[in-house]
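Taking it in order: structure first as structure tokens, then the write-up.
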Amino acid sequence: MGAIKDKGLRLHQIERVPYEDAFLIGDLLSTRITTLAGEPKAGKTLFAAGMGIALINGEKEFLGQPVLRKLDHIVFGLTDDGAPEELKERLHEAVPDDSVTVFPVEDPGDSGYWPGIADDLIHMQPGLFVLDNIIGALAPGEDIASSVTAQRIMRSLKPISQARIPVLLVTHTPKGPAEGMTVASSPIGGRAIAAGSRAVIALRNSEKHGRRIQTTINRATEDLNLRVTVRPAGESSEVPIWERMDTKPRPEPSIRTAPVWQALLAEQVLKEQPEEATIAALASRYAESVGKASSTIRAELPKFIVRSGEGWAAA
């Protein structure tokens, strides 16, 4: 028998997955495999902890995005020396102690290692599995920059995702100018990692621009491009508090019955009449101020404004 005859399905035989079931946190954390990439010390583990706290506590939102499911149990697979103790401090008294399980990931190169982890997770059925991080989880002699290694890692995690256990995969971006070219290509191991994920989150941190979250995610209503901050909950607490920042004051609300940010941005362009003469140039100019990806603005703005002579007019 062939693969099509054995496993092929007609469209009506495929289970529907509503948007609310495709995300743990709307447009941010998928119920499949989500990759979180950033340079060392960018705050990746803090970000994973922040999302975990919001999910376990059943908060209404995280960074303005809706929390769509309350989780009772999260499993962290950690690779760095001292990581369990650091995670303890970041979750201490923020979540119930029995809501989190931590174990060390040390792949010896044994072909049965990851199937064994998958079996354990399927038995435990946590609401989320966090692997922090890929580089520390490699078998001896492997290099995550190799497409073969990256593909092996994604194949190892696929059975966990197929068992309806969401996976958050924490990894690194390269230092230097290679970072920031695109969200999808940001992880080391680029295409192989991104192709095996349903969602990619890039966490940037620089002296000039501060911290920023950018996403590219299947089935998301929009790609996110958010300026964010993180601070400890108190003087004696390392629990991370993540907050979304608005870089510019918003214009007065529009009376037009259109989605809020699109109408507000259109009004702002009509009022300011910037020198940019194309939608693409406008998207680049205003992406940071409205907290949207340039691609999202390029798709939406032509519905509301058009180029007219030397300026912009309502569509």
Side-chain angles (χ1 to χ4, degrees), residues 1-9 13-18 21-25 28-37 44 48 51-52 55 68-69 71-79 83 99-144 146-172 184 187-201 216-219:
M1 295 293 181
I4 297 176
K5 192 166 185 178
D6 288 346
K7 298 182 179 180
L9 297 174
Q13 297 174 299
I14 301 173
E15 180 184 0
R16 289 191 65 247
V17 180
D21 293 335
F23 290 91
L24 296 178
I25 301 175
L28 186 63
L29 183 58
S30 167
T31 52
R32 299 300 240 174
I33 298 177
T34 301
T35 295
L36 168 61
K44 299 183 295 298
M51 289 193 290
L55 289 162
L68 299 173
R69 191 181 304 181
L71 304 185
D72 296 323
H73 188 203
I74 297 177
V75 174
F76 284 82
L78 304 179
T79 65
S99 65
V100 174
T101 296
V102 176
F103 76 98
V105 176
E106 299 174 319
D107 188 344
D110 182 349
S111 62
Y113 182 75
W114 279 103
I117 289 177
D119 287 345
D120 287 345
L121 289 169
I122 291 169
H123 175 75
M124 298 169 71
Q125 282 296 305
L128 177 66
F129 170 54
V130 181
L131 176 58
D132 186 3
N133 58 68
I134 287 184
I135 293 178
L138 300 181
E142 289 189 317
D143 181 357
I144 192 58
S146 162
S147 61
V148 174
T149 298
Q151 289 169 4
R152 184 191 72 80
I153 286 288
M154 301 314 293
R155 284 197 302 270
S156 297
L157 296 172
K158 190 174 180 180
I160 300 170
S161 174
Q162 289 176 332
R164 300 179 181 271
I165 300 171
V167 176
L168 175 60
L169 183 59
V170 180
T171 190
H172 292 80
I188 298 177
R191 293 181 180 178
I193 298 296
S197 307
R198 308 313 291 167
V200 179
I201 305 169
T216 177
I217 299 179
N218 289 24
R219 297 198 63 188

Discussion item. Strictly distance-based, threshold 3.5 Å: is any side-chain N or O of Thr149 a donor or acceptor partner for the main-chain N or O of Ile144?
Written reply: no
Worksheet item: Which distance, rounded to the nearest 0.5 Å, do you find between the CG of Leu168 and the CG of Asp132?
Response: 8.0 Å
Response to the item:
Residues Arg32 and Arg198: closest non-hydrogen pair is CB-CG, 3.2 Å
Worksheet item: Is there a side-chain contact between Val17 and Arg219, using heavy atoms and a 4.5 Å cut-off?
Response: yes
Discussion item. Could you go through Thr79 and Leu138, starting from their C-alpha distance and side-chain angles, then the distance that decides it, and tell me whether this counts as side chain to side chain contact (heavy atoms under 4.5 Å, CB included)?
Written reply: CA-CA 10 Å; Thr79 65; Leu138 300 181; over 6 Å; no
Practice prompt. Kindly compute the distance separating CD1 (Ile33) from CE (Met154), expressed to the nearest 0.5 Å.
Written response: 4.5 Å
Item to complete: Take Asp120 and Phe103 through the test side chain to side chain contact (heavy atoms under 4.5 Å, CB included) and record every step on the way to the result.
Response: CA-CA 12 Å; Asp120 287 345; Phe103 76 98; over 6 Å; no
Worksheet item: Which atom pair, heavy atoms only, marks the closest approach of Ala139 to Gly109?
Response: CB-CA, 3.7 Å
Worksheet item: Roughly how far, to the nearest 0.5 Å, is CZ of Arg69 from CG of Leu29?
Response: 10.0 Å
Worksheet item: Hey, what do you get for OG1 (Thr171) to NZ (Lys44), rounding to the nearest 0.5 Å?
Response: 8.0 Å
Worksheet entry | Ala48 to Val130 - nearest heavy-atom pair and separation | CB-CG1, 4.4 Å
Item to complete: Working to the nearest 0.5 Å, report the span between CZ of Arg152 and CG of Asp107.
Response: 5.0 Å
Item to complete: Please round to the nearest 0.5 Å and tell me the distance separating atom CD1 of Ile217 and atom CG of Leu28.
Response: 5.5 Å
Fill in: Sole residue of Ile160, Leu121, Ile117, Val100 in side-chain contact (heavy atoms from CB on, under 4.5 Å) with Val75
Leu121
Item to complete: Using atom types as modelled and distance alone, determine if a side-chain donor or acceptor of Tyr113 lies under 3.5 Å from a backbone N or O of Val105.
Response: no
Worksheet item: Of all heavy-atom pairs between Ile122 and Ala163, which one has the smallest distance, and what is that distance?
Response: CG1-CB, 3.6 Å
Worksheet item: Do side-chain atoms of Thr31 reach the backbone of Asp21 as a donor and acceptor pair under 3.5 angstrom?
Response: yes
Worksheet item: Is the CD1 atom of Ile14 crowded by more than 12 outside heavy atoms at less than 6.0 Å?
Response: yes
Discussion item. How close do Ala199 and Ser30 get, counting heavy atoms only, and between which atoms?
Written reply: CB-CB, 4.0 Å
